[in-house]
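Reminder, nothing fancy here: chain letters follow the sequence lines and each chain counts from 1. Treat the numbers as computed from the prediction; the structure is a model and nothing was measured.
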Amino acid sequence: MPNMSLKRVEMPVQDGKVRSGNIDEVALGYTEEMAVEEANRCLDCKHKPCMQGCPVSIHIPDFIREVKEKNFEKAYEILKSTSSLPAVCGRVCPQENQCEKYCVRAIKGESVGIGRLERFVADWARENLKEETAKIPSNGHKVAVVGAGPSGLTCAGDLAKLGYEVTVFEALHMAGGVLVYGIPEFRLPKSIVQHEIDALEKMGVNIECDSVIGRSETIDELFDEGFEAIFIGSGAGLPNFMGLEGENLKGVFSANEYLTRFNLMKAYQEDSDTPIYRAKKCVVVGGGNVAMDAARSARRLGAEVTIVYRRGMEELPARHEEVEHAMEEGIEFKLLTNPVKVIGKDGWVCGVECVEMELGEPDASGRRRPITKEGSNFVIDCDCMIMAIGTSPNPLLRSTTKGLETNAKGCLLVDEKGMTTRKGVFAGGDAVSGAATVIQAMGAGKKCAASIDEYIQSKL
Amino acid sequence: MVRIVEKKRLNPTVTQMVVEHEKIAKKAKAGQFIILRVDEKGERIPLTIADTDPEKHTVTIIFQIVGATTRKLNELNENDYIHDFVGPLGKPSEIEGLKKVCVIGGGVGCAIAYPTAKALHRQGSDVTTIVGFRNKDLVILEDEFKQVSDRFYIMSDDGSVGEKGVVTNALERLLEKETFDCVIAIGPLVMMKFVALLTKKYNVKTTVSMNPIMIDGTGMCGGCRLSVGGKTKFACVDGPDFDGHEVDFDEAISRNTSYREFEKHAYEKTCALLNKEVQ
């Protein structure tokens with residue numbers, strides 16, 4: 001009998017007050033009993049509407065059916081057949097806008113907690129299965145992947161499964177991309193990311209860290225070395241700033257810098273050599289997931305944090321769960337507010353002058369355009385300001401690779417197969433789409449892996 | 001991991017290390033830098049490449065022991081390994097077509113000025129070099145500079161070597177009589193600021209090499225941002241060389257002190273640890 005409860009099984013979480021003082025994971029995951037109970041809410045619809053919302057087409061009802069029967073190992077096999085990073089996706093995908101959005105249970109009540117179940121199965125497998133990843137025999141073809149983030153790792157994994165000899169070039173000293181430098185430990189424990197990367201290496205994927213393609217080597221040199229196709233998944237790149245007076249004062253950071261110090265360099269640990277500013281009062285500008293991550297990281301380092309966003313609660317682009325978690329941790333939201341000037345004292349930020357906004361007619365993005373309320377200026381005192389207002393594509397590859405064309409924003413142009421304007425060079429993820437989500441990047445990596453296989457096979 | 005093949009003390013606070021790295025040795029051009037991490041818990045620091053030997057596959061770095069990380073780096077010896085070493089990063093210096101150039105190096109900045117002077121000399125430019133140090137004990141690369149310079153001037157704060165005074169004294173004397181296609185100044189921010197102020201007066205194009213706080217060095221963190229001509233630029237991808245007349249030096253000087261308290265604390269902690277090991 002299906003579980004007809006309108007509400008999904010609650011996910012246990014660390015208490016808001018407690019967790020704002022540690023960096024441990026916030027959401028604790030389902031127990032076996034909880035997972036089975038939630039799985040039983042799935043009606044196993046014949047037309048599988050949830051699947052159309054998944055960028056990597058996970059066979060959702062199939063894996064949930066196995067969870068109902070406690071066949072967790074089988075459930076994991078189903079997940080793994082289409083997603084190379086289920087433990088990651090179960091945590092950071094915006095399921096409410098993807099699979100769960102199409103769930104028929106959501107018409108009346110809450111959708112099935114697909115993401116929570118995915119996470120449960122992946123965690124169960126990590127704890128209970130000894131993965132025997134047999135090395136696949138090489139097919140003798142070499143492919144290079146630029147960037148060891150979600151799109152690159154997915155592409156590499158899929159190609160390795162087909163027998164390609166894949167080398168992933170990573171600019172930083174550690175693989176994972178945004179999963180290690182951007183998303184904090186309390187949302188995505190780094191041991192989980194490492195586990196997934198270890199699995200790829202066991203499959204035979206070669207990861208070369210400390211390699212900045214475009215500088216250490218160019219795309220053309222990679223072809224000269226015998227790589228037959230190249231996938232570019234170099235990510236989003238340069239942080240945007242607003243061009244405000246005082247924005248280069250000390251104490252003003254991009255979210256990328258702040259989060260890189262916090263996550264990649266583990267600056268919150270006593271024995272890390274990397275400094276991070278431990279603010280008393282911190283203003284974070286922006287309303288996306290990155291803004292939430294920065295705010296919650298600053299909170300964990302002891303700051304009182306205010307998030308400033310120019311639109312309203314409805315328009316916040318961050319996942320609802322992240323906003324909720326931020327609020328529980330005591331982060332203040334100043335919505336319909338926009339900074340106009342950064343005020344400094346002795347070279348260090350001491351306040352942010354803001355104006356109130358109101359929402360007008362919808363703009364090109366379909367969201368109501370914020371309009372300044374003249375004369376509503378006020379100042380928020382702070383000793384730290386973090387800008388989390390998006391990124392622009394990194395210019396390194398397009399400026400060092402002939403024939404690689406971009407759009408006006410600098411995003412790489414690709415055809416429907418994911419091939420760039422250079423033959424044999426494919427691209428996906430934020431380098432193509434501009435800042436988007438982990439799962440979209442993975443979807444692009446997956447698509448390009450199939451295209452690369454087709455491309456190389458067609459040349460034979 | 002890269003192996004240190006040679007370590008040399010250039011003066012009491014400046015060390016030269018030659019490391020093995022085939023790709024960087026073959027690829028690097030004057031003006032580019034590397035980022036290194038001494039060990040697994042180490043921070044990432046940028047250092048400009050002082051020299052390369054494409055045949056021997058070696059890269060030379062020269063650093064001043066100023067903080068915890070450079071102190072730790074200095075503890076390593078020949079045949080030890082540096083955990084991470086990535087590059088070459090940044091744009092190479094634009095020296096093509098320059099016929100008559102004045103290269104100015106200040107203190108440990110000479111380590112960065114030298115490869116530029118060498119590259120200029122190799123392409124047949126007329127190279128005038130002015131270097132400045134606090135005193136004679138701190139002089140580095142004097143012979144190397146002499147080999148690649150048509151004229152060489154050395155200044156010191158106390159007159160213990162060369163002429164007493166600062167690099168701008170020598171530069172001004174030259175500018176009163178002649179001009180250059182370009183002045184390339186590399187050294188402390190204050191020195192570069194005053195060189196740029198002086199050359200502006202004489203309307204001589206001036207390039208400076210900026211060395212701000214940086215983490216990834218590939219255009220991701222935005223920590224290295226500078227105001228150049230009123231616009232925000234990133235030293236790692238737009239530089240590290242910039243038009244000296246456009247750089248907001250006062251802002252750069254201020255931003256470089258962002259972590260001073262932390263650095264002081266870390267340095268003391270590292271010293272205490274190292275001293276303990278010695279005991």
Can you tell me how far the CD atom of A:E257 sits from the OG atom of B:S258, to the nearest 0.5 Å? 8.0 Å
Worked check of salt bridge (Lys or Arg N to Asp or Glu O under 4.0 Å) between B:K26 and A:E221: CA-CA 13 Å; B:K26 287 185 171 164; A:E221 285 164 331; over 6 Å; no
Tell me whether the count of non-hydrogen atoms from other residues, nucleotides or ligands lying under 6.0 Å of NZ in B:K29 goes above 12. no
Pairs meeting criterion salt bridge (charged side-chain N to carboxylate O under 4.0 Å, His left out) with involvement of residues 35-47 of chain B, two or more places apart: A:D271-B:K41, B:R37-B:D84, B:D39-B:K72
Quick check for you: to the nearest 0.5 Å, what is the distance between A:T274 atom OG1 and B:I215 atom CD1? 7.5 Å
Strictly less than 4.5 Å between heavy atoms, which residues of residues 291-298 of chain A line up against chain B? Please order them by number. none
Quick one: what part of A:Q269 sits under 4.5 Å from any heavy atom of chain B, side chain, backbone, both or neither? side chain
Do you know the tightest heavy-atom contact between B:P88 and A:S216? CD-CA, 4.1 Å
Does any pair with a residue in residues 338-351 of chain A pass side-chain hydrogen bond (donor to acceptor under 3.5 Å, both in side chains), and if so which ones, sequence neighbours excluded? none
Between A:S211 and chain B, with a heavy-atom cut-off of 4.5 Å, which part of the residue counts as in contact: side chain, backbone, both or neither? backbone
Measuring from A:H173:NE2 to B:D216:CG, what's the distance to the nearest 0.5 Å? 11.0 Å
Residue B:K91 versus chain A: region with a heavy atom under 4.5 Å: both
Atom group of A:L249 that falls short of 4.5 Å from chain B, counting heavy atoms: backbone
Side chain, backbone, both or neither: which part of A:Y181 has a non-hydrogen atom closer than 4.5 Å to chain B? side chain
Is a donor on one side and an acceptor on the other found under 3.5 Å between the side chain of A:N394 and the backbone of B:T218? yes
Residues of residues 237-245 of chain A with any heavy atom under 4.5 Å of a heavy atom in chain B: A:G237, A:L238, A:P239, A:F241
Could you tell me whether the side chain of A:R215 reaches within less than 4.5 Å of the side chain of B:Q32, counting heavy atoms only? yes
For the CD atom on B:Q123, are there more than 12 heavy atoms of other groups (residues, nucleotides or ligands in this structure) within a distance under 6.0 Å? yes
Which residue, A:L172, A:V178, A:T391, forms the side-chain contact (heavy atoms from CB on, under 4.5 Å) with B:M220? A:L172
B:L89 versus chain A, the contacting section by heavy-atom distance below 4.5 Å: both
Highest number of heavy-atom pairs under 4.5 Å with chain A: which of B:C236, B:G222, B:G219? B:G219
So, B:R225 side chain and A:N248 main chain: donor-acceptor pair closer than 3.5 Å or not? no
One option among A:A236, A:A171, A:P275 has the most heavy-atom pairs under 4.5 Å with chain B, and it is A:P275
Side chain, backbone, both or neither: which part of B:L226 has an atom under 4.5 Å from a heavy atom of chain A? backbone
